[in-house]
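Everything numeric in this text was worked out from a predicted model, so none of it was measured.
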Amino acid sequence: MTINPRGARHRRRVGLLGGSFNPAHDGHRHVAEAVRRALRLDQVWLMVSPGNPLKPRAGMAPLAARLASARRIADGRRVIATGIEAALGTRYTEDTLAALRRRFPRMRFVFVIGADNLVQLPRWQGWARLAAGTPIAVLPRPGWTRKALAGQAAGRLAPHRRRPGALLAGTPPHAPWCFIPAAEHAASATAIRAATGRS
């Protein structure tokens with residue numbers, strides 16, 4: 001299954017797991033399945049970024065190669081790899097999410113991040129608007145979880161934290177977020193690149 005960048009009218013609950021996927025690995029699939037089960041999502045989209053503004057370009061494989069690696073860990077039905085961000089022409093996550101809400105107006109999107117990205121969230125362009133407009137699901141990452149839950153973003157968003165089962169209940173004026181207790185997966189794209197001799 002492919003995602004039509006022009007949009008669709010389907011009514012679905014969709015998790016958006018964005019990243020460089022340089023390369024995609026079992027840890028990404030673990031996160032996708034964990035969040036899909038915990039939130040009873042219809043699908044999780046692996047959104048392969050054309051370029052992360054916070055990451056150096058050195059050592060970054062071409063988009064086509066990274067998208068191919070994401071497709072290898074996806075099943076094409078419940079977990080779908082997509083390069084839709086490149087098709088949308090957006091650079092920042094908040095713009096991508098706004099574009100997706102316009103093009104898929106009947107879908108309920110959840111932005112999925114690891115605990116490491118919750119720590120970094122205040123560095124993102126328009127992060128407060130992003131968090132106010134889209135529910136966020138945070139999953140544990142080795143060495144990051146405790147720091148993330150005690151960090152700036154978690155503190156500022158504390159009034160909006162919910163249990164996973166309540167994340168998509170209702171439509172509050174400020175989108176909620178949740179922490180999903182799941183087993184940590186140690187796979188790392190950095191380690192995979194090091195093992196294969198890529199920088």
Side-chain angles (χ1 to χ4, degrees), residues 1 12-49 52 54-55 61 66-82 93 97 108-124 127 130-131 134-158 160-169 175-196 198:
M1 178 179 180
R12 291 189 182 125
R13 293 155 59 110
V14 175
L16 302 172
L17 177 58
S20 300
F21 296 94
N22 188 39
H25 52 69
D26 287 343
H28 294 123
R29 179 61 187 257
H30 168 77
V31 166
E33 292 293 354
V35 75
R36 188 181 65 78
R37 289 192 302 267
L39 301 182
R40 298 180 181 177
L41 301 175
D42 297 303
Q43 294 176 336
V44 175
W45 296 357
L46 307 179
M47 291 199 311
V48 183
S49 171
N52 185 331
L54 296 178
K55 288 189 176 180
R66 293 183 285 115
L67 184 55
S69 78
R71 286 184 174 137
R72 285 192 291 272
I73 65 164
D75 64 17
R77 189 166 55 97
R78 293 194 178 103
V79 179
I80 301 167
T82 177
T93 301
L97 296 176
R108 295 289 304 276
F109 289 114
V110 177
F111 188 53
V112 182
I113 58 176
D116 54 332
N117 275 323
L118 183 61
V119 171
Q120 298 171 18
L121 197 58
R123 296 175 56 201
W124 293 19
W127 79 273
L130 182 161
T134 306
I136 297 174
V138 181
L139 283 97
R141 284 291 306 273
W144 287 96
T145 302
R146 184 173 296 179
K147 183 178 180 181
L149 295 179
Q152 178 185 348
R156 182 161 165 184
L157 298 175
H160 311 292
R161 186 173 176 180
R162 301 288 183 270
R163 293 177 295 100
L167 186 71
L168 292 175
W177 71 283
C178 72
F179 178 77
I180 295 178
E184 293 184 350
H185 197 291
S188 156
T190 303
I192 291 171
R193 291 196 304 275
T196 58
R198 289 173 52 199

By side-chain hydrogen bond (donor to acceptor under 3.5 Å, both in side chains) - contacts of W177 (at least two apart): none

Would you say the side chain of [Y] lies within less than 4.5 Å of the side chain of [X], judging by non-hydrogen atoms?
X	Y	value
F179	P140	yes
R108	R12	no
L167	L39	yes
V44	I80	no
L67	T82	no
T134	V110	no
L17	F111	no
V112	L16	no

message: Applying side-chain contact (heavy atoms from CB on, under 4.5 Å) to L41 and V14, what does each step give before you reach the verdict?
response: CA-CA 6 Å; L41 301 175; V14 175; over 6 Å; no

task: May I ask you to decide if W144's main-chain N or O and D116's side chain share a donor-acceptor pair within less than 3.5 Å?
output: no

query: Within the distance-only criterion (no hydrogens, no angle test), does the side chain of S69 pair as donor or acceptor with the backbone N or O of R66 below 3.5 angstrom?
result: yes

task: Can you label the angle between the F21 ring and the H28 ring as parallel, tilted or perpendicular, going by 30° and 60°?
output: tilted

- request: Would you please name every residue forming a salt bridge (Lys or Arg N to Asp or Glu O under 4.0 Å) with D42, sequence neighbours left out?
  value: none

message: Working to the nearest 0.5 angstrom, can you tell me the gap between L118 CG and T145 OG1?
response: 9.5 Å

field: Gap between atom CD of Q120 and atom CH2 of W127 - 0.5 Å precision
entry: 13.5 Å

- prompt: Any side-chain hydrogen bond (donor to acceptor under 3.5 Å, both in side chains) pairs touching residues 29-41, not counting sequence neighbours?
  reply: R29-E33, E33-R36

Please report the shortest heavy-atom distance between [X] and [Y], naming the atom on each side.
X	Y	value
V79	A74	O-CB, 3.1 Å
A115	A148	O-CB, 3.2 Å
I180	C178	CG1-SG, 3.9 Å

field: Passing option when I113 is tested against V35, T93, I136, V31 for side chain to side chain contact (heavy atoms under 4.5 Å, CB included)
entry: I136

